[in-house]
Number of protein chains: 2
Amino acid sequence: MSQTVDRALSILPLLAEGPADLGQVADRLGVHKSTALRLLRTLHEHGLVYRQSDQRYRLGARLFALAQEAMENLDVREIAHPHLVRLNESCGHTVHLAVYEENEVLYIDKVESRYPVRMYSRIGKPVAITVAAVAKLLLADLPEHERRAVAEKLDYPTYTARSTPNAGAFLRELEKVREQGWATDLGGHEESINCVAAPIRGADGRVVAAMSVSAPNVVVTADELLTLLPLVRRTADAISGEYSGRTPVNYPA
Amino acid sequence: MSQTVDRALSILPLLAEGPADLGQVADRLGVHKSTALRLLRTLHEHGLVYRQSDQRYRLGARLFALAQEAMENLDVREIAHPHLVRLNESCGHTVHLAVYEENEVLYIDKVESRYPVRMYSRIGKPVAITVAAVAKLLLADLPEHERRAVAEKLDYPTYTARSTPNAGAFLRELEKVREQGWATDLGGHEESINCVAAPIRGADGRVVAAMSVSAPNVVVTADELLTLLPLVRRTADAISGEYSGRTPVNYPA
DNA sequence: CAGCGGTGTTGCACTGTCTGCAACATTCAT
DNA sequence: ATGAATGTTGCAGACAGTGCAACACCGCTG
């Protein structure tokens, strides 16, 4: 809608692929170097772009800070966090929290038992939307026409033999998930990984987020993991209650 | 330099404070509503801004993704990471990795032993630049005039009684750090937390990053923490060697 | 239910800002 | 030294962005 801003913002994903110099940026934008220069300068002033010692441009620090703040303003996340930790303590497996936004599902929190360090490598990254248990829950709650529209638009990569093959199968799965109020992913993304997930609902009953417990086959079988379902649902319900204001937290004093 | 882009980008930090509606955005930008609308729309198309159900605008998901990718493209981080993990395994304390960029020092990696989950709450956030051990190392390496300029510009908040009080004291501290090649923060940020830090240097000898080990008084005294200094320095040197290409990693096959 | 204030949205004429050019500066390689 | 490649500046012209005013759309309230 606004050409100049549009061009400027197009620079960001471009730089996300790796550092680039003025010429490259200008070329890929299809504008004159001087134009690219001015755009980059503006981005630079706002700290979104950084000029490294070899003069090439990189994404800048402010970007982290912004993403940070945005994250902290997600109140579901804040409320859910202690619950996720408690769940993780009691079962030991990886716990995820995810939301849906504009045709994407993304993790906004994660508690991992064994490899704490890998954590942020996933937070913020889009989820395998056609197979992930949390994605099913979030999409299943969309109004039907929207659900259809999204399902048609998606790609259906065959991660494993159990991956959702196409839109039809996906919509049927969503219908099932919608009815039962929980979801699973049994080796649909990675052969040896299973997940159980439950929805978190706002005051109006709409699904605002979803949480899941994941574990590899070698630790627990799918059946064993399923025995955790009641616990997962209880946790999700507790978060729902708190989020929607039904279960006010008691603040000290 | 570019008015339109400038205005558009000014919206981001504004929204970082919390969701806002069209009117508020227009007011704070000092532009007409229709103008703000067009800017927001453009930001929206790029996924940087999201419109929540109550019509207010929030920072969007793409921002996370961008920050993610930017992060992954920092090669120091990638090289350093396994070393940080190893250090953490051998001493058990929190390990940080930080870089300097445009008057800010920010953590780009962290390995924490006890509370793995808190991790990302810090990564990406600017560091307390006047007291943090890593910040001292990074600033100490700037050319003198620049160092002076930065030191003068900074605020010197009194986090604790041991915080750096003013530019003069800071510059003297930097001089000391510069000479000895390592730095500490003994309760300068939080009364009970101490840190030891060492610099990571590129091929040209310039400091490209800094790493530190932090631990609360209750776990180890400052003196005990200082005994880790040789280990920290060795780790930093190992990273430096690999980063600058002096210690090529052996890839299989 | 009509009328009202508060939103967000659209179309349009004007003008001010962005554009591309061409000339200049700088760095590096040969 | 000479040249090529890259980044930078100033400028005139054009077009994209601006603000206005009118419209559409709520949810309120009397």
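Each chain gets a letter, A, B and so on, in the order its sequence line appears, and its residues count up from 1.
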Asker: Tell me, for nucleotides 25-30 of chain C in 5' to 3' order, what letter each nucleotide earns: B for a base near a protein heavy atom under 4.0 Å, S for only sugar-phosphate near one, - for neither?
Answerer: ------
Asker: How long is the line joining CG of B:D6 and P of D:dG17, in whole Å?
Answerer: 15 Å
Asker: Expected output is a numbered-order residue list: members of residues 40-48 of chain A with a heavy atom under 4.0 Å from any atom of DNA chain C. What is it?
Answerer: none
Asker: Rounded to the nearest Å, what distance is computed from the CG atom of residue A:D21 to the P atom of nucleotide D:dT6?
Answerer: 7 Å
Asker: Can you tell me the distance, in whole Å, between the CG atom of B:L37 and the P atom of D:dA21?
Answerer: 18 Å
Asker: Is the backbone N or O of A:N103 less than 3.5 Å from a side-chain atom of A:Y100, with the two atoms forming a donor-acceptor pair by type?
Answerer: yes
Asker: Is a side-chain donor-acceptor pair under 3.5 Å present for B:H96 with B:D109?
Answerer: no
Asker: Starting from the 5' end of DNA chain D, give me the residue, B:R7 or A:Y57, whose nearest nucleotide shows up first.
Answerer: A:Y57
Asker: Which residues, if any, of residues 27-36 of chain A bring a heavy atom under 4.0 Å of DNA chain C?
Answerer: A:V31, A:H32, A:S34, A:T35
Asker: Identify the two heavy atoms, one from B:A167 and one from B:A151, that lie closest to each other, and give their separation to 0.1 Å.
Answerer: CB-O, 3.6 Å
Asker: Please answer whether the main-chain N or O of B:D21 pairs with a side-chain N or O of B:Q24 as donor and acceptor at a distance below 3.5 Å.
Answerer: yes
Asker: Backbone N or O of B:A236 within a donor-acceptor pair of the B:S240 side chain at under 3.5 Å?
Answerer: yes
Asker: Just so I know, are the side chains of B:L39 and B:T4 near enough to count as touching, which here means a heavy-atom distance under 4.5 Å?
Answerer: yes
Asker: Which residue pairs satisfy the side-chain hydrogen bond (donor to acceptor under 3.5 Å, both in side chains) criterion with at least one member in residues 167-177 of chain A, sequence neighbours excluded?
Answerer: A:K136-A:E173, A:R147-A:E175
Asker: Can any side-chain N or O of B:H46 pair as donor or acceptor with the backbone N or O of B:L48 at less than 3.5 Å?
Answerer: no
Asker: Work out how much the helix from C:dC1-D:dG30 to C:dT30-D:dA1 bends between its end axes, five pairs an end, to the nearest 10 degrees.
Answerer: 30°
Asker: Got a donor-acceptor contact below 3.5 angstrom from the B:N166 side chain to the B:G168 backbone?
Answerer: yes
Asker: Who pairs with B:L37 by side-chain contact (heavy atoms from CB on, under 4.5 Å), at least two apart in sequence or on another chain?
Answerer: B:L22, B:R41, B:Y57
Asker: On the 0 to 90° scale, with breaks at 30° and 60°, tag the A:F170-A:Y156 ring pair as parallel, tilted or perpendicular.
Answerer: perpendicular
Asker: Counting only side-chain N and O atoms of B:R38, is one of them less than 4.0 Å from OP1 or OP2 of D:dG17?
Answerer: no
Asker: Quick one: do B:R58 and A:E101 make a salt bridge, cutoff under 4.0 Å?
Answerer: yes
Asker: So which nucleotide from D:dT18, C:dT19, D:dT9 ends up closest to the side chain of A:T4?
Answerer: C:dT19
Asker: Among B:L142, B:L174, B:L171, which residue meets the side chain to side chain contact (heavy atoms under 4.5 Å, CB included) test with B:V150?
Answerer: B:L142
Asker: Quick one: do A:L12 and A:V49 satisfy side chain to side chain contact (heavy atoms under 4.5 Å, CB included)? Show the steps, please.
Answerer: CA-CA 8 Å; A:L12 298 177; A:V49 145; 4.3 Å; yes
Asker: Calculate the interatomic distance between B:Q24 atom CD and C:dG6 atom P; express it in whole Å.
Answerer: 14 Å
Asker: Take atom CZ of A:R51 and atom P of D:dG7, then tell me their distance rounded to the nearest Å.
Answerer: 7 Å
Asker: If you find the nucleotide of DNA chain D closest to A:Q3 and the one closest to A:L22, which residue's nucleotide is nearer the 5' end?
Answerer: A:L22
